[in-house]
Amino acid sequence: MSMSAARRASAGLAAAAVVVGLAGCQGGDTGTGGKAGALQTRSEAADFIRAAFTKTSEAKSAKVRMTVTTPPGMDDSGTVQVSGVQGWDPAVMDMVVKGSALTDSAPGAPSQVHMVMVDDAMYMDMGAEQAASMGGKHWMKLDFKAAAAASGNAEMQKQMSAGLENMNQDPSEQLALLLESPSLKHLGSEKVGGVQAEHYKGTLTFEEMLDADKSASALSAKQRAEVLANTKKLGIKGYDTEIWVNSEHYPVRMAVGMTMPKGTVKIRADYSDYGAAATVQAPPAKETVDLFKMLGSMKPSGANG
């Protein structure tokens with residue numbers, strides 16, 4: 001496989017991983033933890049969200065349909081749809097990603113991409129065109145932890161582990177973030193996809209989000225300062241989060257808006273089938289190319305191959 005083909009393949013894999021990562025960027029009766037139906041006080045809303053956090057964490061899996069929309073003028077602008085099953089504890093997923101933002105960022109990429117995450121590694125079906133340059137192997141493997149361990153760099157290993165957590169944040173993580181919002185409020189009861197649900201909204205500044213996000217603990221003080229400085233340059237003010245929770249205390253929809261000078265990145269995810277078995281298997285080794293191993297074995301002189 002040539003260096004140029006490897007770069008195209010890794011670009012496609014990175015684009016899809018970013019989309020899934022952004023998604024991360026969510027029985028008891030309705031009387032538990034707050035009043036359903038009537039408007040709740042902030043304290044009652046927080047109790048209701050805490051109950052939802054507990055139920056969602058214990059479910060360990062759900063089906064998800066997500067749409068990420070990036071406005072024109074921004075990098076990777078367009079729309080991406082993600083659908084499939086997601087599991088947490090352990091972290092696994094089996095999803096199909098499609099949309100203009102993915103294909104435009106990686107010329108030659110298939111119109112839709114099958115992605116699998118299992119055993120701390122991400123796999124992506126690169127399609128027939130890329131497979132032709134990978135010895136007929138369709139799957140590209142991105143093993144963060146193995147690459148970090150091979151580097152011998154403890155700081156990198158810590159950051160890679162945090163990166164994996166970000167790529168597959170379960171909906172309970174968004175509930176935890178919402179609880180940290182000073183502006184958390186209950187907007188009332190309404191139907192979402194035919195299901196009656198309680199509607200909540202809150203806003204966090206980027207700094208507040210970092211404080212609340214446990215995966216951000218991998219950042220050193222210097223790295224945190226750099227992240228905040230870069231965020232300020234981009235003009236990111238904060239995150240608006242809306243969550244709809246059904247009578248069983250499961251989130252059925254989450255919507256996140258990230259406003260910047262060039263527009264607002266919008267993410268909407270619909271969840272169902274909590275607790276359904278998330279049976280995820282890695283592709284056969286004989287059909288897989290390890291991206292990090294491949295790039296490590298290549299010489300710069302092959303860049304024009």
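The first residue of the sequence shown is numbered 1, and numbering continues consecutively from there.
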Check whether any side-chain N or O of [X] sits under 3.5 Å from a backbone N or O of [Y] as a donor-acceptor pair, and report yes or no.
| X | Y | value |
| --- | --- | --- |
| W88 | T56 | yes |
| E287 | P284 | no |
| T288 | W139 | no |
| K262 | G73 | yes |

Can you name the closest pair of heavy atoms from [X] and [Y] and give their distance?
| X | Y | result |
| --- | --- | --- |
| A46 | L179 | O-CD2, 3.5 Å |
| D120 | D143 | O-OD1, 3.9 Å |
| V192 | A197 | CG2-CB, 4.5 Å |
| P251 | I243 | CB-CG2, 4.2 Å |
| S83 | R65 | CB-CG, 4.2 Å |

May I ask you to test the [X]-[Y] pair for a side-chain heavy-atom distance under 4.5 Å?
| X | Y | answer |
| --- | --- | --- |
| L204 | L177 | yes |
| T67 | T79 | yes |
| K60 | Y274 | no |
| V116 | V118 | yes |
| H138 | D125 | yes |
| V245 | Y250 | no |
| M134 | M126 | yes |
| P71 | T264 | no |

If Ile, Leu, Val, Met, Phe, Trp and Tyr residues are connected whenever their side-chain heavy atoms lie under 4.5 Å apart, and connections chain through other members, are [X] and [Y] in the same group?
| X | Y | answer |
| --- | --- | --- |
| M140 | V97 | yes |
| Y200 | Y239 | yes |
| I49 | V252 | no |
| M260 | V256 | yes |
| M95 | M117 | yes |

From [X] atom [atom1] to [Y] atom [atom2], the distance as rounded to the nearest 0.5 Å:
| X | Y | atom1 | atom2 | answer |
| --- | --- | --- | --- | --- |
| S189 | N246 | OG | CG | 11.0 Å |
| E208 | S181 | CD | OG | 7.0 Å |
| K137 | D290 | NZ | CG | 10.0 Å |
| E242 | R253 | CD | CZ | 10.5 Å |
| H114 | M124 | NE2 | CE | 12.0 Å |
| K63 | S272 | NZ | OG | 6.0 Å |

message: Testing H186, E190, H249 one by one against E198 for a side-chain contact (heavy atoms from CB on, under 4.5 Å), which residue passes?
response: H186
- request: Any chance you could lay out the side-chain contact (heavy atoms from CB on, under 4.5 Å) test for K141 and M122, step after step, and finish with the verdict?
  value: CA-CA 6 Å; K141 178 181 180 181; M122 182 79 75; over 6 Å; no
field: Q281, CD atom: more than 12 neighbouring heavy atoms under 6.0 Å
entry: no
